[in-house]
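The analysis underlying the following values was restricted to heavy atoms, covering all of them including side chains, and did not include hydrogens, waters or symmetry mates.
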Amino acid sequence: MAYYEKEEQETVIIYDPSSKLWDIYTTVPKHIKRLENEHIATVFNVEKDIEDKTIGLRMKVEKLPSSYIFNR
């Protein structure tokens, strides 16, 4: 399996005020690479294909960088 089809790709960022954590989940290849390279948080869950390529990533972080914009 390669990356998810374009129609199925998403990036979701949710803030939970009770835990004060940002929950980031993405299946967008560009966002996966950025999150892996910048190490802004501890990885919570990784989805891999049969070739060991990361196709989904979930992480939690206490503070989301103010400059953190995915569409650049």
Side-chain angles (χ1 to χ4, degrees):
M1 177 180 177
Y3 291 116
Y4 284 91
E5 296 294 324
K6 279 267 195 219
E7 298 80 24
E8 297 176 355
Q9 292 179 8
E10 65 181 352
T11 295
V12 180
I13 302 174
I14 299 171
Y15 180 70
D16 179 8
S18 63
S19 68
K20 297 182 181 176
L21 292 175
W22 290 93
D23 187 344
I24 305 169
Y25 172 74
T26 188
T27 56
V28 178
K30 182 178 177 181
H31 299 174
I32 290 170
K33 288 178 185 136
R34 181 172 179 192
L35 288 166
E36 287 178 329
N37 290 336
E38 292 186 1
H39 306 288
I40 65 163
T42 303
V43 174
F44 184 70
N45 189 16
V46 177
E47 285 179 63
K48 300 229 179 216
D49 67 2
I50 58 173
E51 298 167 355
D52 206 35
K53 181 190 327 179
T54 301
I55 59 170
L57 188 64
R58 184 173 183 187
M59 50 182 35
K60 295 189 179 210
V61 61
E62 286 184 25
K63 185 173 181 178
L64 196 63
S66 60
S67 63
Y68 218 76
I69 299 172
F70 282 99
N71 293 329
R72 35 170 154 148

TODO: Tell me, yes or no, whether the heavy-atom count around K48 atom NZ, taken from other residues, nucleotides or ligands under 6.0 Å, exceeds 12.
DONE: yes
Open item on the list: Could you measure the distance from the OG1 atom of T11 to the CD1 atom of I32? Nearest 0.5 Å is fine.
Closed with: 8.0 Å
TODO: With R34 as reference, evaluate H31, E38, E36 under the side-chain hydrogen bond (donor to acceptor under 3.5 Å, both in side chains) test and give the passing residue.
DONE: E38
Task: Pairwise distance CD1(I40) to CG(N37) - rounded to 0.5 angstrom - done: 12.0 Å
Open item on the list: Please check this pair: side chain of T27 against backbone of G56, looking for a donor-acceptor N/O pair closer than 3.5 Å.
Closed with: no
- [ ] Let me know which of E47, R58, K60 forms a side-chain hydrogen bond (donor to acceptor under 3.5 Å, both in side chains) with Y25.
- [x] E47
TODO: Answer yes if V12 and I24 sit in the same cluster of Ile, Leu, Val, Met, Phe, Trp and Tyr residues linked by side chain heavy atoms under 4.5 Å apart, and no otherwise.
DONE: no
Open item on the list: Under 4.5 Å between side-chain heavy atoms, counting indirect links through other Ile/Leu/Val/Met/Phe/Trp/Tyr residues: same cluster for L21 and F44 or not?
Closed with: no
Task: Hphob cluster co-occupancy, L57 + Y15, side-chain heavy atoms under 4.5 angstrom - done: yes
Open item on the list: With clusters defined by side-chain heavy atoms of hydrophobic residues (ILVMFWY) lying less than 4.5 Å apart, directly or transitively, does L35 cluster with V28?
Closed with: no
Task: Reported CD1-to-CE distance for the pair I13 and M59, which is rounded to 0.5 angstrom - done: 11.0 Å
